[in-house]
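In what follows, a single structure is set out as C-alpha cells and then discussed.
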Amino acid sequence: MEAETNITESKNFIEQIIDKDLEEGRFDHVQTRFPPEPNGYLHIGHAKSILLNYGLAQEYHGKFNMRFDDTNPTKEKEEFVNSILDDIRWLGADWEDRLFFASDYFEQMYEAAVKLIKKGKAYVCDLSAEEIRKYRGTLTEPGKNSPYRDRSIEENLELFENMKNGMYQDGEKVLRAKIDMSSSNINMRDPVIYRVAHMEHHNTGNKWCIYPMYDFAHPIEDAIEKVTHSICTLEFEDHRPLYDWVVRELEYPNPPRQIEFAKLYLTNVVTGKRYIKKLVEDGIVDGWDDPRLVSIAALRRRGFTPESIKMFVELCGISKSQSSVDYAMLEYCIREDLNLKKPRIMAVLDPIKLIIDNYPEDQVEWFDVDNNVKNPELGKRKVPFCRELYIDREDFMEEPPKKYFRLYPGNEVRLMNAYFVTCVDYIKDETGKVVEIHCTYDPETRSGSGFTGRKVKGTIHWVSAKHAVQAEVRLYENIVDEEKGKLNEDGSLNLNPNSLTVLKDCYIEPSIENVKPEDKFQFVRTGYFCADMHDYTPEHPVFNRIVSLKSSFRLSK
C-alpha cells in the first residue's frame, strides 16, 4: 500500500480544516484528546488515534488531554485503566496534568440533562428497549412518537429525579432527547441519553444508579475540557448531528468541532475485544498482551518499538477512505527501525554439535566482532571460540541438493568471524539422526588475518559450546490461519495451530549475559528478537521473535 499522505510534505485533510478554523477565528488554539472506554486493552488501531491527536496538539503548540469515557460500568476495570495509561506513555504521548474521567463530570451531565428537560428538549420514557427499537422506524420509514413524549416538564423533572434516587429497576425508564422522530438520521430520532443501571462504578462506587449514554456524554466532556477538535473514526460520522445538537442546546461557548477519519485496519488480524476476551478466557493466548495479538501491550511485549509504530501510522496516512493494510507493512517498519540501532549476535536455535578435530582441546580464542557491521558506532564485542561449537541443524546435510553452500561431507565453509572448516565426518544416534559433525580447520584462514589464498561460498554462524548461554526462544506467527481467512462459517476465529513454537534448547553467545527485559537484538541469519518483558531472567533467558529478516513488503517510492 502506498502512503496516502507524506505528513512532512503536505497536510492531511484534518490539518487543512484546523488551519481554516484558526484562520477564520473559529478557534484561537488547538486542544485535542484521546477518549478510550476502559473496557479492554488498546490495539494498533488506537495507536493511530493516539498519535494523530497528540501529533496535532504538538504541531499547533496546543494541548492534549487524556480522558477515559467511563460511562458504562458493566464492562470497565481498573486493570484496563492502568494498561491504557501504560500504553499511551510508552507511545510517547504526554497529557501532562490533564488526566480526566467522564465520571468526573457526572454531576454536570446530570445538570445538563435537567437543563434539556426544562427547555422541553428531553423526556422520561417508559418504553422497553425493544419497544423503543420498534418505534424508531427504519432507514426508509420514519419513527413514531413515544406515548410518553408529551409529558410535562414538571413530571419529567420529578421522574428523572426519581431515576437518580434509585426508585426504578434497570430498564424500567430512560431519559430521551426530544428531537425529531421523522429525521432521516436514525440517531436523531429521540435517542436515549440516560439509563438506569444499578452497578458499582470503578471511580464513583455506588453514588450513581443512572448513567449517561456515550453520545450524550462525549460532547459534554469535550465542551467542559475546551477541546477544539474532537477527532474520531468514521463510524461516528452519522452521530455528528447529535453531537452538534447536544453542545448547541446546552449553549456551550466555542463548542468543539467533530472531525472523522478512517480507521486503521490490518488484514487477517484480530482486534475485536469480544474475540480477544474469549481467547484470553479460553487460555488460547497468554493474556491481553500475548505477542500473537496486536494490542499495543502485545506489540510491546513482542518487541515492537514506539518509533516503528509511529512510522507505520505515518505510512498508512490519514484519510476518509476505509482500507486495509497488510501486516507485512508493520513488520517492514520494525525492521527499518532496528536495522541500524541494535547489535547483531549469534544464536543457534536448533543446535547440533560441531567438533574441530585438529583444534587444540584446551585452547580458547576471543574474536573482536562488530556489533553491527552497518553501524560501526555500536562498537565491537569479544566472542569466544574453541574446539566444540554449536551450529544450526539446517546448516548441515548428508546429501545436499545443488547450490547448497553450507556444510556437507567434504565441503568447506567459513565459520562467521572465525576460520574455514571442512566437514570430514558425522555421527548418528540409534534413530539415524545426525548428532555430531566433525571438521578440520585451516589456521591460516583466521578472520581479519588478510588471508586471500582461496574463497568459499558458504558462511555459517556458530556459538562456543563451552561458553554459550542456554535460552528459551518463542517463535510467533499470526494467531489466525491467513490462508483460510480470519473467520469460520459460524463466525468463530479460524485459529492457526502453529501460531507459537517454543524452542527450549537454544544456545546464544555469552554477550547476552547482561541483557535486561525488552532488550532487542538481531540474531544473525535468523531475525530480530526481544528479551520477554515478563518471563526473562538471567537464570532462564526467554526471547521472543519480533520478526524474521525477510519481508514480502516493499515501500513504494
Side-chain angles (χ1 to χ4, degrees), residues 339-340 342-427 434 436-469 506-513 521-527 549-550:
N339 185 31
L340 297 180
K342 299 301 176 182
R344 302 178 179 187
I345 62 176
M346 292 189 287
V348 175
L349 306 191
D350 185 13
I352 184 171
K353 185 166 281 189
L354 182 149
I355 299 174
I356 305 173
D357 293 336
N358 63 334
Y359 193 87
E361 287 194 26
D362 297 326
Q363 182 170 315
V364 176
E365 292 182 80
W366 292 84
F367 291 96
D368 287 319
V369 177
D370 289 319
N371 284 323
N372 187 326
V373 293
K374 292 186 176 181
N375 184 2
E377 292 183 4
L378 291 183
K380 295 179 180 291
R381 69 187 186 283
K382 297 282 189 181
V383 177
F385 182 88
C386 60
R387 185 172 186 265
E388 296 190 3
L389 311 172
Y390 289 115
I391 66 169
D392 258 309
R393 185 170 294 277
E394 67 174 17
D395 285 336
F396 171 80
M397 291 188 73
E398 296 176 69
E399 299 178 1
K402 290 182 178 180
K403 297 186 178 180
Y404 181 83
F405 299 125
R406 286 168 275 179
L407 268 181
Y408 56 87
N411 192 45
E412 185 176 50
V413 300
R414 173 179 286 282
L415 295 178
M416 186 177 290
N417 304 304
Y419 295 100
F420 289 9
V421 295
T422 301
C423 178
V424 295
D425 199 4
Y426 56 91
I427 297 173
V434 176
E436 196 171 278
I437 302 164
H438 286 260
C439 292
T440 58
Y441 88 115
D442 182 348
E444 299 297 321
T445 61
R446 192 181 198 277
S447 181
S449 66
F451 174 77
T452 58
R454 62 186 181 280
K455 294 183 178 180
V456 291
K457 289 186 176 180
T459 298
I460 64 175
H461 65 286
W462 50 273
V463 295
S464 164
K466 183 177 181 179
H467 303 86
V469 176
C506 305
Y507 292 96
I508 306 176
E509 64 174 77
S511 61
I512 68 156
E513 288 178 340
F521 306 88
Q522 184 192 116
F523 290 177
V524 293
R525 301 177 62 220
T526 306
L549 291 180
K550 294 182 180 179

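For the pair Arg406 (side chain) and Val413 (backbone), a donor-acceptor distance under 3.5 Å is absent. Counting only distance, with no hydrogens or angles, the side chain of Asp442 and the backbone of Glu444 share a donor-acceptor pair below 3.5 Å.
In this structure the side chain of Pro409 reaches within 4.5 angstrom of the side chain of Phe396, judged on heavy atoms. With a 4.5 Å cut-off on side-chain heavy atoms, Lys342 and Phe521 do not count as touching. Within the 4.5 Å cutoff, no side-chain heavy atoms of Lys353 are placed close to those of Ile427.
Between the side chains of Tyr404 and Glu399, no donor-acceptor pair is found at a separation under 3.5 Å. Between the side chains of Arg344 and Asn339, at least one donor-acceptor pair of N or O atoms lies under 3.5 Å. Side-chain contact of Glu398 with Tyr426: a donor-acceptor pair under 3.5 Å is present, judged by distance alone.
Here Thr445 contributes atom OG1 and Glu412 contributes atom CD; the two are 7.0 Å apart, rounded to the nearest 0.5 Å.
Between Glu436 and His438 the shortest heavy-atom distance is OE2-NE2, 2.7 Å. Scanning all heavy atoms of the two residues, the minimum distance from Leu378 to Pro343 falls at CD1-N, 4.1 Å.
The side chain to side chain contact (heavy atoms under 4.5 Å, CB included) check on Pro376 picks up nothing, with sequence neighbours excluded.
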